[in-house]
Structures are given as structure tokens and as C-alpha cells.
A.B. asks: 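Have a look at this one before I ask anything.
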There are 2 protein chains.
Amino acid sequence: MIAQSFVNQPNVYRQKYSISYDKLMAKRRSSSSRKPTLVDVAKAANVSAITVSRTIRSPELVSPQMRIRVEAAVEKLGYSPDPAASALASRVTHNIGLLLPSLTNTVFEDVLDGIYEVSEETRFFIQIGDTRYSALKEEALIGTFLRQKPAGLILTGFEQTEKARKMLSSAHCPIVQIMDYGGTPIDMAVGFDHEAAGYAAAAHLIECGYRNPGCVGARLDARSRRRLDGFRKACQEANLWDERRMVTTPQSSSVGLGRHMLEEMLSKDETVDAIFCNNDDIGIGVLVEAQRRLISVPDQLGICSFHDMEMTKHMHPALTAIATPRYEIGKMAFEMLLAEIDQPQSVKKRIVNSGFELKKRSSTKNLAGKF
Amino acid sequence: MIAQSFVNQPNVYRQKYSISYDKLMAKRRSSSSRKPTLVDVAKAANVSAITVSRTIRSPELVSPQMRIRVEAAVEKLGYSPDPAASALASRVTHNIGLLLPSLTNTVFEDVLDGIYEVSEETRFFIQIGDTRYSALKEEALIGTFLRQKPAGLILTGFEQTEKARKMLSSAHCPIVQIMDYGGTPIDMAVGFDHEAAGYAAAAHLIECGYRNPGCVGARLDARSRRRLDGFRKACQEANLWDERRMVTTPQSSSVGLGRHMLEEMLSKDETVDAIFCNNDDIGIGVLVEAQRRLISVPDQLGICSFHDMEMTKHMHPALTAIATPRYEIGKMAFEMLLAEIDQPQSVKKRIVNSGFELKKRSSTKNLAGKF
DNA sequence: GTGATAAATGATTGCGCAATCATTCGTCAA
DNA sequence: TTGACGAATGATTGCGCAATCATTTATCAC
């Protein structure tokens with residue numbers, strides 16, 4: 001029931017105060033035990049409250065001497081604004097909502113890192129929601145976040161539910177969708193084309209001379225599915241596709257899972273001579289398992305990984321991978337949000353293709369100069 | 001200047017509305033274009049506002065028929081409470097502040113995952129701050145977080161500044177310090193003893209028969225330093241210590257750095273026959289580099305890693321490691337917070353030793369049964 | 001010197017909710 | 001039948017700030 005969604009757990013009442021209400025109030029009102037408010041600062045500086053507010057929020061609107069006076073009072077009293085009161089009065093917070101499908105995934109950590117890097121020097125806070133790859137959880141979280149009147153929102157991908165899209169389009173804050181390119185953004189977007197990335201991986205493997213390319217994919221969200229689609233498409237165009245060499249699982253990716261998936265791939269078609277892995281965990285797992293089975297990489301088996309976390313280039317052999325600019329995407333998303341918040345409508349809404357990069361390493365045959 | 005810390009960037013003023021103020025207000029007041037409030041719901045249900053508030057927050061205090069009536073009105077109007085107003089009136093939010101030293105580190109992701117797992121079904125939100133291993137940044141973030149009147153706070157370690165501790169001890173919310181054990185908590189704590197962990201690693205290597213143990217450590221925060229201290233202590237007790245075999249760097253850990261550090265270790269003392277690695281990135285880097293140099297693991301070189309992320313056990317050879325219960329720590333920290341929030345003072349403040357576990361694998365010689 | 005304009009500052013009000021205290025109603029024992 | 005008590009509900013107030021509009025003070029052209 002919708003109406004229940006925000007209904008709290010039953011509260012246990014706190015122990016009643018033993019001192020009287022009047023005393024309590026008197027104590028609260030005495031400036032000594034109370035956090036100073038805008039009004040306290042105003043009194044101390046002998047100005048009006050709104051001037052203090054202005055000095056803090058828009059110092060360029062008050063005269064230099066007034067600024068000094070107010071800032072002195074602020075410092076003297078140790079005043080700091082109450083975000084709740086500010087939010088209530090202005091109908092907007094300084095929170096930026098961020099919805100990610102997973103928190104235990106290098107991919108999103110790097111995005112997160114980029115976002116935090118930029119947000120650090122601003123007045124904004126990041127509030128993260130973990131959707132666990134569920135559009136319904138995402139929908140619920142979007143509702144929760146919007147209730148807080150965020151200054152902006154960052155979402156992952158384009159796969160929001162109808163209801164979520166409706167809520168978002170009537171929201172009064174800028175929104176950036178990240179990690180994908182080519183869909184229809186609600187507002188702004190920055191990411192890369194997953195189908196093109198899968199296609200590029202296949203093209204590289206084929207170019208290397210592999211003739212039985214396959215791919216393994218874990219946790220098939222829309223984006224990884226499109227990567228596989230792109231991969232398949234390139235193989236089909238080269239007449240090298242066999243659907244048996246598409247091995248997938250809904251489980252979340254891990255190195256252990258990658259090992260299992262190579263096993264499964266081999267059991268379905270042992271002629272496979274190159275594998276595109278959905279992401280790095282799987283890629284490393286496939287490499288490790290190949291080595292355990294004494295399958296030589298890249299000669300008997302070429303491996304192309306996806307995302308390219310730091311570790312992949314240190315493997316033996318170093319993993320060829322499609323590198324994705326995760327950190328940059330996070331950074332850019334936040335910057336786009338900031339620009340919109342500070343100058344709404346003044347900037348053209350942006351839809352950015354961040355691109356990706358094929359890193360050719362030794363887990364695929366390097367035929368450069370050989371043809 | 002302190003007074004400046006919350007002073008905003010200059011705001012750019014929004015374009016003025018072209019319609020008149022009166023019209024705007026009239027529009028805002030018309031129930032059609034305004035988000036419904038508690039009062040709207042109260043009118044619709046023909047009850048007082050406070051009863052609606054109670055129905056939502058403490059349904060056990062209203063009669064069943066009243067509850068049905070109010071909930072019907074809530075659903076009909078699509079009402080959802082305004083967190084800002086709630087925070088202002090009650091002087092507390094539903095935010096839980098979480099301060100982590102790094103976001104791109106499997107260790108903290110796992111903690112995060114545990115916290116989010118538990119928080120999901122509650123009325124609380126997590127607000128993450130990234131201290132970047134700086135006590136001063138942490139201090140600033142603590143100030144920022146406290147201003148928001150959080151329901152609780154989770155901090156990493158015991159190394160807060162004097163000023164931060166002062167702010168925290170006068171805070172009116174429960175606090176859990178995680179990832180460490182043995183210090184003096186501000187309030188509650190859950191973590192493990194890093195010195196004991198380092199000691200255990202050394203004891204294992206020595207037990208395996210290694211006679212020239214060393215250790216490599218990156219990003220020497222207080223906790224990793226204590227691990228190294230414990231390691232050194234055990235080696236000294238066994239009369240097997242040589243300070244040249246302590247290789248450290250302030251840089252943040254990575255696989256590439258692990259490779260460099262093995263190189264450095266060998267250049268300082270090539271007789272080293274076992275290495276304790278500060279964490280898994282370094283451990284994998286050391287393993288990879290050893291293999292590149294054709295140093296056989298575990299015979300010529302034993303390796304013991306720290307934390308034990310999923311990947312380590314899939315390496316060849318599988319890495320021996322001290323496994324730390326990161327997920328459980330996160331989960332428990334949140335649960336401890338919850339218990340305190342719901343029943344303040346009723347539960348004994350907890351200081352929990354989560355322990356750790358030595359996972360013996362093939363990167364160290366297994367002498368079990370050989371003596 | 002006057003009026004016009006801009007810059008700087010102030011008075012008032014209400015954002016939406018929860019804490020407080022007050023009241024009403026029903027139930028039960030004496 | 002009465003009074004006491006607890007359960008259920010309500011009226012009022014203020015949390016701390018920012019939006020609005022109003023006013024005052026400086027600045028300048030003529």
C-alpha cells in the first residue's frame with residue numbers, strides 16, 4: 001500500500017523529563033545552552049536577521065563593512081545555519097541524490113569517487129541510494145529522494161519505470177542520467193554507447209584472427225545486455241557467430257563466477273578461441289581458469305575484458321579491455337548538475353557521449369604490422 | 001576562517017516571475033497545484049492535523065477505525081510528509097551520517113554494503129562523507145553532519161581530532177566507530193584489533209618455517225600502521241626481525257604499487273622469504289611481480305594478504321590472507337545505532353570485537369601435520 | 001539643488017510539521 | 001450512580017530560516 005511506504009516503525013516514547021516544562025523552555029531559551037540562531041547573530045551585530053542571512057548566502061549583496069560586522073558576530077557566537085529550517089523556508093535542500101545499482105562494484109566506486117571529488121568544494125551533499133539493479137527499488141527511492149526536495153539527481157541508465165519517469169519529469173530539479181548513451185534522457189545525460197563498446201570488442205577479436213568468438217555476461221542489466229548485443233552483431237556481420245558461445249547468468253559478477261563461466265563455455269563449445277567478458281571480475285576469472293586448465297592466453301584463447309579496472313593491466317598476460325571513463329563520467333555528471341543549478345536554463349541541456357577506449361594488451365594476439 | 005566554512009558561493013538570481021505575486025500565491029494556495037500537507041489530509045479526513053501526524057508516526061496510538069480513515073485520506077491525496085518540516089519541528093532528521101576514509105576501496109565498499117543492507121527497510125537514510133584519510137577533513141565533515149541533526153553517526157577508527165571529539169561528545173545522537181578495536185570509543189564501537197591481526201600474520205609465516213619475514217604497507221593510516229607494528233612485534237619475539245624488511249609508502253594501495261614494492265623489498269634485502277601485505281591490492285601485486293620474476297610462491301616466497309576480498313582465493317596460488325568481517329561490521333554498526341535510537345540508554349553501550357580469521361591457502365607453505 | 005536611479009538594509013510572514021498541554025470519551029470499580 | 005482513570009483526539013504554538021515587498025541611503029546627471 002502506497003500510503004504505508006513512509007509510515008514509521010512504532011516509536012518507543014522517550015523517558016519523560018523530570019524537570020518541569022517551564023524550566024525546560026526557560027533553559028532552552030537562555031542563549032547559553034541553545035545553539036545560536038540567525039536572530040541571535042542579528043542581535044549581536046545589531047542588524048536585521050535577513051541581513052545576516054544575506055551575508056551568508058550572497059555576500060556580494062551586502063556592503064564590505066556590513067559583511068565584516070556580521071561575520072564577526074557569526075564567529076563570536078559560533079553560529080551555523082540550520083539546514084532543515086533553510087530547506088523548509090526555501091523549498092529546496094543542498095542534497096544531490098545519487099542512485100546506483102550496486103555499491104560493491106569497482107565501476108560505481110569510480111563514478112562515486114569522481115562525484116565526491118567535485119562535490120567536496122561545493123555546498124552540496126551526496127545522498128546515495130542503492131537500487132540493487134531493481135527498477136522498482138529505484139522507483140521507490142526516487143520517490144523518497146524527491147520528497148526531500150533535492151537540488152539535483154543523478155540516476156544510472158535509462159531504464160526507469162513509467163511511474164518514476166512521471167515523478168521525475170514533474171520534479172523541479174536538474175537530473176543527469178549516467179553510464180549510458182543513446183536512450184532518451186529525462187533531462188541531461190553522460191555515458192557511453194554499450195552496443196558500440198561490445199561491437200568494438202568483437203571487431204578487435206576478429207581482427208586478431210580469432211574465428212570462434214564468444215562472450216560471457218553476468219548480471220544482465222539493460223546495459224550489459226546491449227554490450228552483448230553489440231558483440232553478437234559484429235560477429236554475425238563477420239559470419240562468425242554461434243549462439244552456443246553466448247554464456248550468461250543473472251548472478252552478480254565475481255572472479256569465481258568468471259571461472260565457472262569459462263567452464264560452462266567450454267562445455268557448450270570447446271572450439272571457442274576468444275571471449276569477451278562483460279566486466280573485469282569475469283575477465284580475471286576467465287583468465288585464471290584458463291591458466292588452471294593450461295589453455296594458453298592469447299594463443300589458444302583471446303580474452304577481452306570490460307571496464308578496465310586498475311588490476312587488469314597487471315595480470316599475466318595483461319588483459320586487453322574496453323576501458324570506460326567512469327571517474328570522468330561521475331565528475332562530469334556533477335558538474336552538469338552544478339551548472340544547471342546555478343544558472344537554470346542558461347546552459348544548453350547536455351547529452352554527452354563520454355566514449356570508451358580499447359586497450360590492446362597481451363591477452364589478445366597483437367597482429368599490428370603483421371598484415 | 002571558521003565563519004566562512006558554510007558561506008555559500010555567490011548565488012545567481014533566478015529570472016523574476018512574470019506573473020504577479022498575488023497570482024502566484026493564489027496558484028500556490030489552490031490545492032490543485034500544491035503538494036498536499038498534513039492539514040490538507042486532516043481536512044479530507046475530517047480530523048485534526050496532529051492525528052494525521054500520529055497515524056503516520058505512531059499508528060499504535062490511534063484507534064483502528066481512525067487509522068483507516070486517515071490512511072484513506074493520505075492515499076487519496078497522495079500525501080507524503082516533508083522531511084524538512086519534520087526535522088525543523090522535531091529537531092532531528094532521519095539521516096545517518098557515515099564517514100569513510102575512502103570510497104574506492106573494497107574494504108569500505110563491503111562495509112557500505114552491510115550498512116545499506118540493514119538500512120533499506122528502515123526509515124533512515126545514509127549520508128556518506130569521504131574523509132580521504134584526513135583527520136581535518138573528517139573534522140570539517142563532522143561539523144557539517146552534526147549541523148543536520150543526524151539520528152546517528154558512524155565513524156571510521158578512533159583518530160578524530162580533539163575538536164572533533166568535543167563536537168561529538170556534545171552531540172545528541174548515538175555514534176559508532178567502526179573498523180578498529182582497542183581504542184577509546186566516543187560512544188560505541190565495532191571492529192577488530194589490527195595489532196593482533198598483524199601479529200597473527202607473522203605467527204603464521206613463522207610457523208610455516210619462513211625465517212626472513214618482511215612486510216609491505218601502503219597508505220599508512222593509524223590502523224595499517226598498527227598491523228605492521230603487530231607484525232614486527234611477533235617477528236622480534238621470534239628473533240627474526242630485520243627493519244630493512246619493512247617497506248612502506250604513503251601512496252594509496254594498488255596492484256601496480258604492490259609490484260613496485262616487491263621490487264623495493266628485494267633491493268633492500270633479497271633474502272626475504274615471506275611477505276605480509278597490508279591489503280589485498282598489494283598482495284596481488286606482490287604475487288604477480290613474484291611470478292614475473294620467476295620467484296616461486298610459496299616455496300621461495302610466502303605471501304600473506306590482508307582483508308581477503310573475493311578475488312584473492314582465486315589467484316594462483318590462492319592467497320593466504322587475514323580475512324576481516326567488513327560486511328558484518330557495517331551491518332552491526334547500523335544495528336547498534338538503531339537499537340540506541342529506538343531505546344536510548346536501555347541497551348548497554350556496546351564495544352564489539354568483531355575478530356578476524358586467518359585463511360591458510362597455497363601462497364604460504366602448509367606444514368600442517370608435518371611436525 | 002533636484003529628481004531619478006541604484007544599492008543596501010529591514011519588517012513581516014509563512015514554510016509544514018511535532019511538542020506540548022488540554023479535552024473528550026468510554027470503561028470500570030466501589 | 002459516581003468518580004477515577006486511561007485511551008483517544010484536538011488546539012495552539014514555535015522550530016529557524018528565506019521570500020516577499022518596503023524602505024532607507026548613497027550616487028549621479030542635469
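Numbered from 1 within each chain, the chains take letters A, B, ... in sequence-line order.
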A.B. asks: Could you state the atom-to-atom distance from CZ of B/Arg91 to C1' of D/dT13 in whole Å?
C.D. replies: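 B/Arg91 atom CZ is separated from D/dT13 atom C1' by 13 Å.
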A.B. asks: Just to verify, what does A/Leu141 make a side chain to side chain contact (heavy atoms under 4.5 Å, CB included) with, not counting sequence neighbours?
C.D. replies: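 In terms of side chain to side chain contact (heavy atoms under 4.5 Å, CB included), with neighbours along the sequence ignored, A/Leu141 is linked to A/Leu99, A/Thr131, A/Phe145.
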A.B. asks: Considering residues at least two apart in sequence or located in another chain, which fulfil the ring pair (Phe, Tyr, Trp, His ring centres under 6.0 Å) criterion with A/Phe158?
C.D. replies: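 Partners of A/Phe158 by the ring pair (Phe, Tyr, Trp, His ring centres under 6.0 Å) criterion come out as none, since no residue qualifies.
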A.B. asks: Report the residues that fulfil side chain to side chain contact (heavy atoms under 4.5 Å, CB included) with A/Thr93, sequence neighbours left out, ordered by chain and then residue number.
C.D. replies: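 A/Thr93 satisfies side chain to side chain contact (heavy atoms under 4.5 Å, CB included) with A/Ala87, A/Asn95 once adjacent residues are dropped.
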A.B. asks: Is the distance from OP1 or OP2 of C/dG16 to the nearest side-chain N or O of A/Arg147 less than 4.0 Å?
C.D. replies: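 No, outside the criterion.
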A.B. asks: Please check the phosphate of C/dC17 (OP1 and OP2 only) for any side-chain N or O of B/Ser53 closer than 4.0 Å.
C.D. replies: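 The answer is no; no side-chain N or O of B/Ser53 sits under 4.0 Å from OP1 or OP2.
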A.B. asks: Test of understanding: with salt bridge (Lys or Arg N to Asp or Glu O under 4.0 Å), list the residues that count as partners of A/Glu335, not counting sequence neighbours.
C.D. replies: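 Here no residue qualifies.
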A.B. asks: Rounded off to whole Å, could you give me the CG-to-P distance for the B/Leu88 and C/dC17 pair?
C.D. replies: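 Nearest whole value for this atom pair: 12 Å.
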A.B. asks: If we fit an axis to the first five pairs and another to the last five of the helix from C/dG1-D/dC30 to C/dA30-D/dT1, what angle do they make, to the nearest 10°?
C.D. replies: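 About 30°, once rounded to a multiple of 10°.
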A.B. asks: Between B/Asp40 (CG) and C/dC15 (P), how many Å, whole number?
C.D. replies: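 In whole Å, C/dC15 P and B/Asp40 CG are 11 Å from each other.
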A.B. asks: Taking side chain to side chain contact (heavy atoms under 4.5 Å, CB included) as the definition, give me every residue that meets it alongside B/Pro150, ordered by chain and number, with sequence neighbours left out.
C.D. replies: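 Scan of B/Pro150 (side chain to side chain contact (heavy atoms under 4.5 Å, CB included), adjacent residues dropped) gives B/Leu146, B/Leu153, B/Cys173.
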A.B. asks: Starting at the 5' end of nucleotides 6-11 of chain D, put B wherever the base has a protein heavy atom under 4.0 Å, S where only the sugar-phosphate does, and a dash everywhere else.
C.D. replies: --SBBB
A.B. asks: For residues 76-86 of chain A, which residue pairs qualify under salt bridge (charged side-chain N to carboxylate O under 4.0 Å, His left out), counting only residues two or more places apart or in two chains?
C.D. replies: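 Every salt bridge (charged side-chain N to carboxylate O under 4.0 Å, His left out) pair that includes a residue of residues 76-86 of chain A, provided the two are not neighbours, is A/Asp82-B/Lys149.
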A.B. asks: If the condition is ring pair (Phe, Tyr, Trp, His ring centres under 6.0 Å), which residues does B/Tyr116 pass it with, not counting sequence neighbours?
C.D. replies: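 Checked B/Tyr116 against ring pair (Phe, Tyr, Trp, His ring centres under 6.0 Å); zero matches.
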A.B. asks: Would you say the side-chain atoms of B/Glu138 and B/Gln160 include a donor-acceptor pair closer than 3.5 Å?
C.D. replies: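 Note: B/Glu138 and B/Gln160 side chains meet the donor-acceptor criterion.
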